[in-house]
Amino acid sequence: MGSDMPGGDGAPRTIKVDYLARVEGEGAMSIRIRGNALEDVALKIFEPPRFFEGLLRGRAFTEAPDITARICGICPVAYQMSAVHAMEAACGVTVGGALRDLRRLFYCGEWISSHALHIYLLHAPDFLGYPSVVELAKDHPEAAQRGLQLKKAGNEIMNLLGGREIHPINVRVGGFHRAPGRADLSALRATLLRARDLAFETVAWTGTLDFPAFEQDYTFVSLRHPDEYPMNEGRVVSNTGLDIDVAAFEAHFEERHVERSNALHCVMIPDGGSYHVGPMARYANNFDRLPPEVREAARAAGLGPVCTNPFRSITVRAVETLYAVIEALRLIDGYAPPERSAIDVVPTAGTGHAATEAPRGLLYHRYSLDDAGLITGANIVPPTSQNQPMIEDDLRRLVPDWIDKPDDEIQYICEQAIRNYDPCISCATHFLTLHIDRA
Amino acid sequence: MADKPKLAVWKFASCDGCQLTLLDCEDELLAVADAITIANFPEASRAVLDGPYDVSLVEGSITTAHDRERLEAVREQSGLLIAIGACATAGGIQALRNFADVRAFTDMVYAHPEYISTLETSTPLSAHVRVDMELRGCPINKAQLLEVVSALLNGRKPNVPQGSVCIECKMRGTPCIMVAHGTPCLGPVTHAGCGAICPAYNRGCYACFGPMERPNTASLAHHLGALGVADDAVQRLFRTYNASAPEFRREGDRHGGGA
């Protein structure tokens, strides 16, 4: 971290954070100010590229869920879910019934765990002025414990259904390797009932935080499903009228490679506009799909049906956490084990597309297969690639309001604004990324 | 305060999952943080203390010249350097580039390959610096991580599992899925430590903990062939998250037409 103080000769002042903390992955931020004008804002991703789309070529279609999970240790379930749905689409297979419910339950586990991690361990310290949850816990032990126990509840779902919480081993194209019995799932009930209380408290607690006054007129992009809050299925929609099948994603969104970043930037075409994916987008586009008690908790915490202050994303994340706990309980109570843990999927030459809702937002996968089921092409668009231009837009709008403040205050609010998006730089780069040349 | 050991956590090319394992210790995290000074852990804290550090946990593989220099700096500042996870101990899934032309990969993924700076290979930490201990796995096992931290705090040697996944199946009471169901399984050549999760879920081990000591990979590969696994599929089985570990690399090279 460092800053150059303004010189008397009109030299620019630069605020730099060389290694962003409390985000997943390696990124940096740079802000250049000349006089009282903001000159440039750049979010740099220096996470080294790992070339997943390249190394998937020649692998069997059955391997994609496990290989792509390694893109991100924070949201492996999202990668597994997008991969299996894309493969099933390529092979003309639909998974329904209890297996579909189990996938949704599995995703609930990841939403709960990932959101609780971000709310309490990564984001809340910004609002309360601590460097990490460890210091926060000394003054707010009950909040820290609430966060950790909520996170643990999500991990217990992933553990049971997936064998472990990071890079779970039980997902396969067509279903699962082993489906749990009713009694296995019922064992989660007590934990989830307790988690429901913690999630209600979390929504209320986040509503008591101080939010900087800042609103943006966002283009929100998310899935939308006829009768569910979206996770694994739905059309890709926006609050500006977009409504497309997932297979048309690449006709409406384009990844661009910019020099400063190993992550590709994704924009809408044809106008090249930035857009927002993630909890705030899902919430705005699907408020009517939330159960009444969840909507009521949101209202009580100060949220309307649309939230346009990104700092309030912490409350939206809490609302989604509550929803995921309630949905998990519903799925467990209605569960009847499937006859078989997976349906047969015979590979056929062709292309399949899928998008699911990762905790951080829309995650798109496209695979092409040959008739032996080997992958001949892959394209993966993670949420943080899509949010990166939006994060920079937020910083460009935000900094002028803070330009008279000392550099350390500007730096602090900018870091907080970046963390509003829960950016997963590991994901964004895993394809891309970039690099910085220090020849 | 001054006598608490200073811990640092570092990341190279990786998914963040192994360091997340520390944050996934929900019941122990605050107690651990009480017993040590978390001096550098960017994923969890904005506060950074200067080195030297008593213990560094290092995640990720080395894929850029810059990262190689950064790792050397970490080594200089660290008392004990512990490599955590398959990326750090074997190069990770991204080491599949070691079997391919990395320029072709770059062209495939990036519109402007000239913006990308990367090495031809993905290598483990031990290819570049002295490593004091390695924790296997993709990802590492939470209990093992806690055991290592606890052992260090108490000045004793960590007790981490040795042997193959087969031993853990026996301990868990899982009938052998290869014998009972003919399911291809890499358990006989894979380092223990995961608790034999996959066979308990009716799935063959896929070797995310890498090779055990002196694995008989040739014998297993022969057996896989007898179970009907095609030769190119045998190669893929050895070329995953620990593809560049020497024993797996050698066995993989013997299959799939010698590619």
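In what follows, chains are A, B, ... by sequence order, proteins preceding strands, each numbered from 1.
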N/O donor-acceptor pair under 3.5 Å between A:H118 side chain and A:S113 backbone
no

Is it the backbone or the side chain of A:R57 that comes under 4.5 Å from a heavy atom of chain B, or both, or neither?
side chain

Side chain, backbone, both or neither: which part of B:R97 has a non-hydrogen atom closer than 4.5 Å to chain A?
side chain

Quick one: what part of B:A44 sits under 4.5 Å from any heavy atom of chain A, side chain, backbone, both or neither?
backbone

Partners meeting salt bridge (Lys or Arg N to Asp or Glu O under 4.0 Å) with B:D67 (sequence neighbours left out):
B:R70

Test side chain to side chain donor-acceptor pair (under 3.5 Å) on B:T123 and B:H128 and set out the steps.
CA-CA 8 Å; B:T123 42; B:H128 306 280; 2.7 Å; yes

Chain B: which of A:L121, A:V133, A:D126, A:N379 shares the most heavy-atom pairs with it under 4.5 Å?
A:L121

Quick one: which of B:C185, B:C205, B:C198, B:C208 gives a side-chain contact (heavy atoms from CB on, under 4.5 Å) with B:V165?
B:C205

Quick one: what part of A:L122 sits under 4.5 Å from any heavy atom of chain B, side chain, backbone, both or neither?
side chain

Given a strict heavy-atom distance threshold of 4.5 Å, which part of B:T21 is in contact with chain A: side chain, backbone, both, or neither?
both

Below 4.5 Å from any heavy atom of chain A, which atoms of B:F12 appear? Answer side chain, backbone, both or neither.
backbone

Chain B heavy atoms under 4.5 Å from A:A60: which part of the residue, side chain, backbone, both or neither?
both

Does the cation-pi check pass for A:R70 over B:Y241, that is, NZ or CZ under 6.0 Å from the six-membered ring centre and within 45° of its axis?
yes

Does the ring centre of B:W10 sit less than 6.0 Å away from the ring centre of B:Y53?
yes

Side chain, backbone, both or neither: which part of B:L23 has a non-hydrogen atom closer than 4.5 Å to chain A?
both

Whatever's closer than 4.5 Å to a heavy atom in chain B on A:L161 counts as backbone

Could you check whether any side-chain N or O of B:N98 sits under 3.5 Å from a backbone N or O of B:S244, counting only pairs where one atom can act as donor and the other as acceptor?
no

Select one option (side chain, backbone, both, neither) describing which atoms of A:L117 are under 4.5 Å from chain B's heavy atoms.
side chain

Pair count under 4.5 Å, heavy atoms only, with chain A: among B:Q94, B:R236, B:K142, highest is B:R236

Contacting moiety of B:L29, where chain A heavy atoms sit under 4.5 Å
side chain

Which residue out of A:R59, A:Q149, A:R172, A:Q145 racks up the most heavy-atom pairs below 4.5 Å with chain B?
A:R59

With a 4.5 angstrom heavy-atom cut-off, which part of A:Y412 approaches chain B: side chain, backbone, both or neither?
both

Provide the closest heavy-atom pair for B:S56 versus B:V74 in the form atom of the first, atom of the second, distance.
OG-CG1, 4.1 Å

Please look at B:I93 and chain A and tell me whether the side chain, the backbone, both or neither of the residue comes under 4.5 angstrom of a heavy atom of that chain.
both

Residue A:D66 versus chain B: region with a heavy atom under 4.5 Å
both

For B:Y201, is the NZ or CZ atom of A:R178 found under 6.0 angstrom from the centre of its six-membered ring and inside 45 degrees of the ring axis?
yes

Salt bridge (Lys or Arg N to Asp or Glu O under 4.0 Å) partners for B:E69, two or more places apart:
none

Does B:R249 qualify as a cation-pi partner of B:F238, given the criterion of NZ or CZ under 6.0 Å from the six-membered ring centre and within 45 degrees of its axis?
no

